[in-house]
Asks: 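Below you'll find the structure I mean.
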Amino acid sequence: EKELTKYLFEKLEQINDLKILGPHPSTQPNRAPLATFHIKDIHSNDIAELLDNSNICIRSGHHCCQPLHRFYGIKSTARASLSFISTRAEIDCLYEELKSIISFLKKNC
């Protein structure tokens, strides 16, 4: 899970307008195997819905962190979670779909 979490962060950090919230695995190696993120000008529920259409499930919304969202000035976040059965190929799929969805929404909304 630790290696997959590092890989997830590496991939997400390559996406323009995507900001990961929370500590990087290099600074907190025992962190949970997940990444919470926000995409500029796109609501996380839209991201989650479109990913769901590609059979990729993530969480979206407040995650019981409304004060943190207010602090950052954002309406919601998305969260990709991993487990010991997750694979690099699944992370690659998430990465490609996220890039495609962001491009689509930026052009059409």
Side-chain angles (χ1 to χ4, degrees):
E1 288 178 352
K2 289 180 183 182
E3 291 303 315
L4 287 172
T5 304
K6 288 179 194 174
Y7 187 67
L8 175 63
F9 270 69
E10 288 171 13
K11 296 304 279 187
L12 293 178
E13 289 170 338
Q14 296 175 28
I15 299 175
N16 292 333
D17 295 326
L18 186 147
K19 177 177 174 49
I20 300 173
L21 305 176
H24 193 276
S26 64
T27 59
Q28 193 178 66
N30 292 322
R31 61 168 289 124
L34 57 83
T36 301
F37 56 93
H38 168 72
I39 301 166
K40 184 180 178 188
D41 300 325
I42 299 177
H43 198 284
S44 64
N45 290 346
D46 295 333
I47 295 292
E49 180 71 26
L50 290 169
L51 284 171
D52 188 54
N53 290 335
S54 297
N55 296 317
I56 300 171
C57 299
I58 65 167
R59 299 284 312 260
S60 65
H62 292 126
H63 313 293
C64 300
C65 295
Q66 291 92 334
L68 184 62
H69 288 155
R70 282 192 296 274
F71 175 79
Y72 281 116
I74 56 179
K75 296 185 188 308
S76 67
T77 54
R79 184 175 68 214
S81 302
L82 305 173
S83 76
F84 66 93
I85 62 170
S86 299
T87 66
R88 284 179 175 255
E90 290 171 327
I91 294 169
D92 291 340
C93 186
L94 169 66
Y95 168 76
E96 292 299 331
E97 287 296 320
L98 270 174
K99 287 192 330 181
S100 176
I101 288 167
I102 292 166
S103 176
F104 172 79
L105 290 174
K106 295 243 182 222
K107 287 178 187 173
N108 296 294
C109 293

Asks: With sequence neighbours left out, which residue pairs that include part of residues 73-106 fulfil the ring pair (Phe, Tyr, Trp, His ring centres under 6.0 Å) condition?
Replies: none
Asks: Check whether I39 and L34 end up in the same hydrophobic cluster, where Ile, Leu, Val, Met, Phe, Trp and Tyr are linked by side-chain heavy atoms less than 4.5 Å apart.
Replies: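 No, separate clusters.
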Asks: Where do A78 and I58 come nearest, in terms of heavy atoms and distance?
Replies: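 Looking at all heavy atoms of both residues, the shortest contact is CB-CD1, 3.8 Å.
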Asks: Taking only residues two or more places apart in sequence or in another chain, which ones pass salt bridge (Lys or Arg N to Asp or Glu O under 4.0 Å) with K99?
Replies: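 Expected list: E96.
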Asks: Say you draw a straight line from CD1 of I102 to CG of D41; how long is it, rounded to the nearest 0.5 Å?
Replies: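 The CD1 atom of I102 sits 11.5 Å away from the CG atom of D41.
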Asks: For a quick test of reading the model, state the closest non-hydrogen atom pair linking A35 to L12 and the distance between them.
Replies: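 Residues A35 and L12, closest heavy atoms: CB-CD1, 3.6 Å.
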Asks: Working note: L50 + L105, criterion side chain to side chain contact (heavy atoms under 4.5 Å, CB included); need CA distance, chi angles, decisive distance, verdict.
Replies: CA-CA 10 Å; L50 290 169; L105 290 174; 3.9 Å; yes
Asks: Tell me, which pairs form a side chain to side chain donor-acceptor pair (under 3.5 Å) where one or both residues lie in residues 21-36, sequence neighbours left out?
Replies: K2-N30, E13-H24, H24-S26
Asks: Which pairs count as salt bridge (charged side-chain N to carboxylate O under 4.0 Å, His left out) when at least one residue sits in residues 100-109, sequence neighbours excluded?
Replies: D17-K106
Asks: Got a second to check how far E97's CD is from N55's CG, nearest 0.5 Å?
Replies: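 Here the interatomic distance stands at 9.5 Å.
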Asks: If hydrophobic residues (ILVMFWY) are linked whenever their side-chain heavy atoms come closer than 4.5 Å, directly or via other members, who joins L21 in its cluster?
Replies: L68, F71, Y72, I74
Asks: If you measure from CG on D46 to SG on C109, what distance do you get to the nearest 0.5 Å?
Replies: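 Rounded to the nearest 0.5 Å, the CG-SG separation comes to 7.0 Å.
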Asks: Got a sec, which residues hit side chain to side chain donor-acceptor pair (under 3.5 Å) with D52, two or more places apart in sequence or on another chain?
Replies: none
Asks: Applying side chain to side chain contact (heavy atoms under 4.5 Å, CB included), run through L98 and F37 and close with a yes or a no.
Replies: CA-CA 12 Å; L98 270 174; F37 56 93; 4.1 Å; yes
Asks: Indicate the atoms forming the closest heavy-atom contact of T5 with P25, along with that distance.
Replies: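 It is CG2-CG, 3.8 Å.
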Asks: With side chain to side chain contact (heavy atoms under 4.5 Å, CB included) as the criterion, how do L94 and L8 come out once you've worked through the C-alpha distance, each side chain's angles and the decisive distance to 0.1 Å?
Replies: CA-CA 9 Å; L94 169 66; L8 175 63; 3.9 Å; yes
Asks: Report the residues that fulfil side chain to side chain donor-acceptor pair (under 3.5 Å) with T77, sequence neighbours left out, ordered by chain and then residue number.
Replies: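 With neighbours one apart ignored, the set is H63, H69.
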Asks: First locate atom CD1 of I42, then atom OG of S76, and finally report the distance between them rounded to the nearest 0.5 Å.
Replies: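 One finds 11.0 Å between CD1 of I42 and OG of S76.
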Asks: Roughly how far, to the nearest 0.5 Å, is NE2 of H38 from CD1 of I47?
Replies: 10.5 Å
Asks: Considering residues at least two apart in sequence or located in another chain, which fulfil the side chain to side chain donor-acceptor pair (under 3.5 Å) criterion with K75?
Replies: none
Asks: Run the side chain to side chain contact (heavy atoms under 4.5 Å, CB included) test against S86 and tell me which residues pass, sequence neighbours left out.
Replies: L4, L82, S83, E90
Asks: Sequence neighbours excluded, which residues qualify as side chain to side chain contact (heavy atoms under 4.5 Å, CB included) partners of S100?
Replies: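 Checked S100 against side chain to side chain contact (heavy atoms under 4.5 Å, CB included); zero matches.
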Asks: How many angstroms lie between CG in L51 and OG in S44, if you round to the nearest 0.5 Å?
Replies: 11.0 Å
Asks: Tell me, please, which residues at least two apart from K6 pass salt bridge (Lys or Arg N to Asp or Glu O under 4.0 Å).
Replies: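 Applying salt bridge (Lys or Arg N to Asp or Glu O under 4.0 Å) to K6 gives E3.
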Asks: Kindly write out the residues that satisfy side chain to side chain donor-acceptor pair (under 3.5 Å) with S60, not counting sequence neighbours, or none if the list is empty.
Replies: N45
